[in-house]
**Student:** 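I have a structure I would like to understand better, so I am pasting it below and will then ask my questions one at a time.
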2 protein chains.
Amino acid sequence: MAGPKKIKPAKKKASDQRVGRNQKKPTREKIIDAAVKVFADYPYYAASIRMIGKAAEIDHPLINYYFPTKATLFEEVIKHVTDEYYQANITWFEGLEEQNPERGLSLYIDRFFDFAVKHPKALRIVALNLVQAGDREEIPGYRRIREFFTNTKESFKNAIPLQESFRDIEMFTISFNTLAINYLGAGPHYAKLLGFEPGSGQYFSWVKQTMMFVFLPQLKQIISEKQHTR
Amino acid sequence: MAGPKKIKPAKKKASDQRVGRNQKKPTREKIIDAAVKVFADYPYYAASIRMIGKAAEIDHPLINYYFPTKATLFEEVIKHVTDEYYQANITWFEGLEEQNPERGLSLYIDRFFDFAVKHPKALRIVALNLVQAGDREEIPGYRRIREFFTNTKESFKNAIPLQESFRDIEMFTISFNTLAINYLGAGPHYAKLLGFEPGSGQYFSWVKQTMMFVFLPQLKQIISEKQHTR
DNA sequence: ATGAGATTTTAACGATCGTTAAAAATATCT
DNA sequence: AGATATTTTTAACGATCGTTAAAATCTCAT
């Protein structure tokens, strides 16, 4: 057959579902995890099915059994990491409106960083493919990356709902996310540039200070506009 | 021989130096120009010597006659486009201190944009390889990209000389250049995201407005610090 | 024009790429 | 246990990759 059986995939005995041991992970998950690793190291064209096979400790043609093409696997990877992001992102806004702008922004950034430390691959994959995502060429994963930006914009707009300064919010959130993707997705580059150890607390501290420095005045401005027009 | 004669490369009759016709360009230049094009479309690993050969309308092994390896050609390309940038960049600061912050920043951005429109490849090549430039792997071009960031930082520090708020200037200039590289180097991505035509005046106008929106308050802050501490 | 040296073309190398097909191994059900 | 369906392995395809070597062509001083 051309692919894995889809009719009863969860029929495995529940007792066998112990994913505690890394080895007992279903093949599909092993492939996704390995693909996340490889696509976090190389942009789409430079990453290879064979690298992913090696990382997953399986023979590489098995990948084509679960994912018909490299492009669909890539799309699945983008879906996987961006879904993780969305799920986390909506929680970062919780309880922010009770704070003043400075405390609120600080809290949001801390939550963002917490996610970035736990999922360092996500933003790096986006950063690695961001430029090419604007290309004519239609790899489905690229469309997903564009959607990712749209969604983060929408998510912000919904969390901080105000119609009047829509343009300001758009400028703010796109710039905020772009800088975050760069500083957190290309950490080693910027850390080296600044003379810090790539994953160090010093570096993260610089990034936070910088994000506060750049965006706090704008946030205050947006919020004051809100209060002015109400 | 292993490479082009280097002893008398300029011995060609001056009368033959008419580069007006695109065809009469020296092979080395044709290769560099084609390589700039290809490396502006694909990141280092995805770009190929054969693509560059096709773009230069020569047989691809001729490239190895002028450049021993793909890595050295890439380095030469980075050198080429960053040198163009440096040369332009130093002129953008001219006469800025006579303006108020808003006019000064606006002028600087206009000059930056003017360069970006005339040399759209430069920032795109940097943007395409920025993330991987932080990698352990030592492709000489990656080091050049890191140096590019260092140099833009230094250039700014020299043009606006003030010791006290060194950290603020570092945060400002790195963030400014990062956003500029994204918005101008990955233009099509952001234009699509915003619903604009990729190379349109509308898009550039959005970018300028955004850069002003984000960075004017910081610039004012830095300048006021300067006046406060003197 | 002839020979020397610089440049370009042609052919080919070993390696890796994504994908396919068939064989082998494993799991599932009667 | 034996038949059936699912998963994994093995082998190979055509294509492209960077690079090298040798042949062919071109340039130019003598």
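Letters A, B, ... are given to chains in the order of the sequence lines, protein chains preceding strands, and every chain is numbered from 1.
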**Student:** For B:A159, check side chain to side chain contact (heavy atoms under 4.5 Å, CB included) against everything at least two apart and list the hits.
**Tutor:** B:F93

**Student:** I want to verify a distance call: between C:dT19, C:dA11, C:dT8, whose nearest atom is closest to the B:P61 side chain?
**Tutor:** C:dA11

**Student:** Check nucleotides 15-17 of chain C for protein N or O atoms closer than 3.5 Å to its own N or O atoms and list the pairs.
**Tutor:**
unit_1, atom_1, unit_2, atom_2, d
C:dC17, OP1, A:S48, OG, 2.9

**Student:** Side chain of B:H60, base of D:dT19: donor and acceptor closer than 3.5 Å?
**Tutor:** yes

**Student:** Scan for side chain to side chain donor-acceptor pair (under 3.5 Å) pairs involving residues 113-129 of chain B, sequence neighbours excluded, and state none if there are none.
**Tutor:**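 For residues 113-129 of chain B, and leaving out neighbouring residues, the side chain to side chain donor-acceptor pair (under 3.5 Å) pairs sorted by first residue read A:D135-B:R124, B:D114-B:K118.
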
**Student:** Can you list everything that forms a salt bridge (charged side-chain N to carboxylate O under 4.0 Å, His left out) with B:E138? Sequence neighbours excluded, please.
**Tutor:** B:R146

**Student:** CG of A:L62 versus P of C:dT19: gap in Å, rounded?
**Tutor:** 15 Å

**Student:** Rounding to an integer number of Å, can you tell me how far B:K25 NZ sits from C:dT7 P?
**Tutor:** 18 Å

**Student:** To the nearest 0.5 Å, what is the distance between OG1 (A:T72) and OH (A:Y66)?
**Tutor:**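 Reported value, rounded in 0.5 Å steps: 14.0 Å.
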
**Student:** Residues in salt bridge (charged side-chain N to carboxylate O under 4.0 Å, His left out) with B:K208, at least two apart?
**Tutor:** B:D110

**Student:** Nearest to the side chain of B:N64, heavy atoms from C-beta on, is which of C:dT8, D:dT8, D:dT19?
**Tutor:**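 From the listed options, D:dT19 comes nearest.
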
**Student:** Below 4.0 angstrom from OP1 or OP2 of D:dT7, is there any side-chain N or O of A:T27?
**Tutor:**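 Answer no for this pair, as no side-chain N or O of A:T27 is under 4.0 Å from OP1 or OP2.
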
**Student:** Identify which nucleotide among D:dT19, D:dT8, C:dT10 has an atom closest to any side-chain atom of B:D59, counting heavy atoms from C-beta outward.
**Tutor:**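 Looking only at heavy atoms from C-beta outward on B:D59, the closest nucleotide is C:dT10.
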
**Student:** Is it the case that A:T178 and B:Y190 place a side-chain donor and acceptor less than 3.5 Å from each other?
**Tutor:** yes

**Student:** Rounded to the nearest Å, what distance is computed from the CD1 atom of residue A:I58 to the P atom of nucleotide C:dT26?
**Tutor:** 16 Å

**Student:** OP1, OP2 of D:dT20 versus side-chain N and O of B:Y65: anything below 4.0 Å?
**Tutor:**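 Checking D:dT20 against B:Y65, no side-chain N or O comes under 4.0 Å of OP1 or OP2.
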
**Student:** How long is the line joining OH of B:Y66 and C1' of D:dT19, in whole Å?
**Tutor:**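 Between C1' of D:dT19 and OH of B:Y66: 18 Å.
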
**Student:** Residues two or more places apart in sequence or in another chain: which of them pass salt bridge (charged side-chain N to carboxylate O under 4.0 Å, His left out) with A:K79?
**Tutor:** A:E76

**Student:** What is the distance, rounded to the nearest whole Å, between atom NZ of B:K30 and atom P of C:dT7?
**Tutor:** 14 Å

